[in-house]
Amino acid sequence: MTETALLGGETALTPQDGQAQTKKVFVKTYGCQMNVYDSQRMADALAADGYAPTAEIADADLVLLNTCHIREKAAEKVYSELGRIRAIKAERAGRGREMVIGVAGCVAQAEGEEIMRRAPAVDIVIGPQTYHRLPDAVRKARAGGRVIETDYALEDKFEHLPQPKPGAVRSRGVTAFLTVQEGCDKFCTFCVVPYTRGSEVSRPVAQIVAEAERLAASGVRELTLLGQNVNAWHGDGPDGRTWGLGELLFRLAEIPGIGRLRYTTSHPRDMNDALIAAHRDLPALMPYLHLPVQAGSDAILKAMNRRHSADDYRRLVDRIRAARPDIALSGDFIVGFPGETDADFEETLRIVRDVTFVQAYSFKYSPRPGTPGAEMAFHVEEGVKDERLQRLQALLVRQQRNFADGLVGRRTDVLIEKPGRGPGQWVGRSPWLMPVILDEKPGEIGDIVDVRITRTGTNSLHAEAL
Ligand code: 5AD
Ligand code: SF4
């Protein structure tokens, strides 16, 4: 989980013509990639109202925090950030400049009323299902109102959110996210997402293909399909059959310009045969898969309501590797779920050793209000959670390092993304997401070129063009 100030100078959108006075919006994004995508779409919607992005809060007529509720710290960060922004708002008011403050995202959805109570400087609270109503909410707030929009909208927000102008997309680079599915019906007992993002909804094929074509036409070469449960995506195919994510990936790979495809995040229960076949037969589908297992003990998996056993997961990985032997796996892990014993935790270490992950996100369990896990008996002490997290992360880091070391000398393709930090350096993206640093320009931005990995750096690889 990273925090990103998304809309810096480079990604500036040009306000539409005829807008006499340009207003500025500052957007800060917390949490997952879907929030990054949502922030971009909100910025597009606001651009149509004459708002240009700024990286300076003090210059902003509108400040938007796109928040994450997944763990406790994430929500607390929002409140402390709001305290800081309130001071800037007061300082601007002293100069006769107004500032509208909006809180979007999952904290807004889960705690809208409480935010309004705890943070009087906040003007708008808007949940993820109603982003298409943001421009309206901003107008109401500027007229002096306080607006809460957290109902699940009946209309399809994607149809109501404006598409960015091609020029705006072009300046954002050669990789892009595309939300194809949102919400979750799995109800893992630790997770707030089914409550904040609502139930599982798939976008229709035609809408997804149209958005992908627009992105490709404006220079995007690598597309990452997003969904909380992305591999549960399904829709009516133009051939009259029901499509799953596998069929959708085959269709998207036909779009001229799209050279690489990825998807995230998947649930082990929804890896069907067609999707596994796509990993075997579709060269554009990158050999990298984020497939969270969370824990290795069957008792804990059951308590988490994951609805599969540790051996189910091992067998699934075997099937995926049989289809695509070079696939690299990434995972999410939770330590210290209520009732987790030392022996349960050892099972988590064992599954990590058995499967091998090239990348992983691991967290201490954080009780989320309203989820069944929070009500369970036998919560694990913080100190024990800390110890387990350290041991797990040490193992995961070793596996990551081994994987990177094993790549040295190997030939691979990279997507050229941008100039690097050092003089003459260029940065490309490997099939495994790790950035690859090249000492000379091996082609144009957006080209996919062959390189040989020469050495590993910190969180990166170095390579020479072939
Ligand atoms: N506590 C700790 N980690 C959590 N995650 C989700 N909910 C919690 C929680 N309550 C982790 C899971 C999930 C990732 C996005 O965040 O590992 O896959
Ligand atoms: Fe955070 Fe999950 Fe919401 Fe994404 S969906 S913002 S990770 S709570």
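Ligands are counted one by one from 1 in listed order, and the atoms in each one are counted from 1 as well. The structure displayed is predicted, hence computed values, not measured ones.
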Heavy-atom nearest option to atom 4 (C) of ligand 1, drawn from Thr189, Val193, Ile334, Val335: Ile334

Trp243: partners by ring pair (Phe, Tyr, Trp, His ring centres under 6.0 Å), with sequence neighbours left out: none

Side-chain ion pair, Arg391 and Asp386, N-O less than 4.0 Å: no

Atoms of ligand 1 close to Gln294 [distance to a heavy atom under 4.0 angstrom, numbered from 1]: 12 (C), 13 (C), 17 (O), 18 (O)

Any donor-acceptor N or O pair under 3.5 Å, side chains Thr29, Asn66: no

N or O pair under 3.5 Å between Phe190 and ligand 1: yes

Arg71 contact mode with ligand 1 (heavy-atom cut-off under 4.0 Å): side chain

Contact partition for Phe363 relative to ligand 1, non-hydrogen atoms under 4.0 Å: side chain

Aromatic ring proximity His379/Phe190, centre distance under 6.0 Å: no

Arg368 N/O under 3.5 Å from ligand 1 N/O: no

Side-chain donor-acceptor contact under 3.5 Å, Gln393 with Ser362: yes

Phe337: ring pair (Phe, Tyr, Trp, His ring centres under 6.0 Å) partners, not counting sequence neighbours: Tyr365

Atoms of ligand 1, numbered as shown, that sit under 4.0 Å from any heavy atom of Lys364: 1 (N), 2 (C)

